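Please read the structure below before turning to the comments.
Since we're looking at a predicted model, the values are computed, not measured.
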Amino acid sequence: MSIHAEIQATVGGFAIRAAFDAPAGTCTAVVGPNGAGKTTLIHALAGLVALERGKIVLAGQVVDDPARRRRVPPERRPIALHSQHNLLFPHLSVADNVAFGPRCSGLAARAARRRAEEWLEKVGLAEAAGLRPAQLSGGQAQRAGLARAAACQPEVLLLDESLAALDAETRTDVRHLLADLSATRVLITHDPVEARLLADQLLVMETGEIVQAGAPEEVAANPRTPWTAGLLGVNLLSGRAAGTEVALDCGLALTTATPMTGPVLVAFSPAAVTLSTAEPHTSARNTWEAEVGRVQPEGDRVKVFLGPPAPCRVWVTPQAVGELGLEAGSRCWASLKATELTVRQA
Amino acid sequence: MSRRPPVGVLAMAGVAIGVLGLPLVGLLQRTPWSSLGATLGEAATLEALRVSAVVSLAAAAVSVMLGLPLAWVLARLPFRGRALVRAVVLLPMVLPPVVGGIALFFALGRRGLIGRALQNGFGVDTLIGTTAGAVIAAAFVAMPFFVITAEAGLRQLDPRLESAAATLGAGRWTVLRRITLPLLAPSLAAGATLSWARALGEFGATITFAGNHPGRTRTLPLAIAQANEAGQPEAAIAMSVLLIAVSLVVLVGLRHRWLAPRRRWPEPSQEIPSP
């Protein structure tokens, strides 16, 4: 079921303006800083927030069109919503929570119960069927909430940070589960890996507007704001280009492989930078001495924040940290091949 | 860490228990236990008991039926003057009941504001002296107890749960039936019981508005006062003991839900392994 949305809505004095299309069966990931209006966007699709202007069309059926005074209430839209707060019904067992949607759609009690058990099985909560929501851990409650929304077998599934409370292993399982669903999915996430793995389309929201939209790889390669670059792990520096020379705003000059003129954005992966203790003599066109800021382990690698002249993030191995004596306040040399730089007109 | 409780606090608490409990002891030591059964079995007593049961239950029912929508409006609808409306609704809780009775008389009596309309329009001769009148007087003082309890319950209920139900396909009626009312049930039960207990003990508004007519408006409290004034202390004491017994049973029954709320759900009996 395809989605066509032109949304203008205000909640608590905060206005959002967002328009996007999603073909049937695709997954759209919405990313953005806290308070960007992502939840409001999803609530507008669900019908929990009224549009001031605009239009929402689900598979050709207009469900919201204030200009024509048309507004289909949430329970009659072909949607199901999983909120980040889960909102499990405290007086019902986990199984009855999951069976709630199927019951509302007219399924008989026994069939609804069977569907609930299937979904609890899929999210690995089969044994929790008889428990009350208050007895679940955070991750279990999130899986139960997800199962409750999915058990409605909606044509559009709206997911508000549905994987945030899961541990790494469960998260992978649930991500595969989400990827296999046939519903058109709209998913809010803070996890760049999740966004890149699940989404056919990425929407970046900041201060109530969609600032960038496109395929995840496309957005990662061509991030338009520092926030997007940070989210996708890419370093992004602005400057002014003259040929293959870029004078960065921060003072450093970089050599690139792509001639350009005027204001540009230079992007490079944190993995593209090599660190050394002495001034390196390599084929890399760009070398500079920098002060080490924070040194932060991330899984099996370490993220090193470099200070002036070019603030950026660098990934190194834990061994390298020891060998180079990297710690906050120490100095090191950075080298970066010109071919690793992506330059875009700003 | 356990410390000896301060002696002063214990002493004051003891005095408080005395103030509240001594009258009860005074009544019980004067109770003619041997003739209690016979006194309570008298026709007049049984009649007052019947009137009390009918009037208090009907008043509680009226309080729930009208009070629940009112509580919903007060809890969920923001409107100008809501504070004033709430004050008016709760006024009967602080007003001397006799004032309520007089007010009801001028509103619903033969020459009252609405009484005349009732007489002309609906052929209702008068509410005064009827059981219906006693029910109205009791509901007037009892309904605020239900409204205040139900409103508090509604305010504690997370409206996002109702929205969540809607996004799962539940219409208004289903949300009310399967989410709102079940979650509200403890508050509604407590509020209904409180208003019933208040109606059972009602005296001033009833005698002022509905009068003291045996078999129609003479409830147990009215019968007790009547017996006491007529020089029949044994009958008054016997009926008082009956009222006390009924009230105690209700308060003890309410203990779990209202006086000392406990955890509503049992502790987890097992750990659920992750997949």
**Request:** Given side chain to side chain contact (heavy atoms under 4.5 Å, CB included), test A/Phe100 with B/Ile179 step by step and report yes or no.
**Result:** CA-CA 10 Å; A/Phe100 186 88; B/Ile179 306 299; 3.8 Å; yes

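In this structure, B/Leu161 and A/Leu87 approach most closely via the heavy-atom pair CD2-O, 3.4 Å. Residue A/Arg148 comes nearest to B/Ala164 through the heavy atom pair NH2-CB, 4.0 Å, listed as atom of the first residue, atom of the second, then distance. Nearest heavy atoms, B/Gly169 versus A/Glu75: C-CB, 3.6 Å.
For A/Leu158, no part lies under 4.5 angstrom from a heavy atom of chain B. Interface residue A/Leu48: only side-chain heavy atoms are found under 4.5 Å from chain B. If you measure heavy-atom distances from B/Arg172 to chain A, the contacts under 4.5 Å come from the backbone alone. Proximity to chain B (any heavy atom under 4.5 Å) is restricted, for A/His85, to the side chain, taken from C-beta onward.
Taking chain A as the reference chain and counting heavy-atom pairs below 4.5 Å, the highest number among B/Thr174, B/Leu168, B/Val175 is found for B/Leu168.
In this structure, B/Arg76 places its CZ atom where more than 12 heavy-atom neighbours from other residues, nucleotides or ligands lie under 6.0 Å away. The number of heavy atoms from other shown groups lying within 6.0 Å of CD1 (B/Ile148) does not exceed 12. The number of heavy atoms from other shown groups lying within 6.0 Å of CZ (A/Arg53) does not exceed 12. When the shell of 6.0 Å around CD of A/Glu52 is examined, it contains more than 12 heavy atoms from other residues, nucleotides or ligands. Annotation: B/Met12, atom CE; neighbour count of heavy atoms from other residues, nucleotides and ligands within 6.0 Å does not exceed 12.
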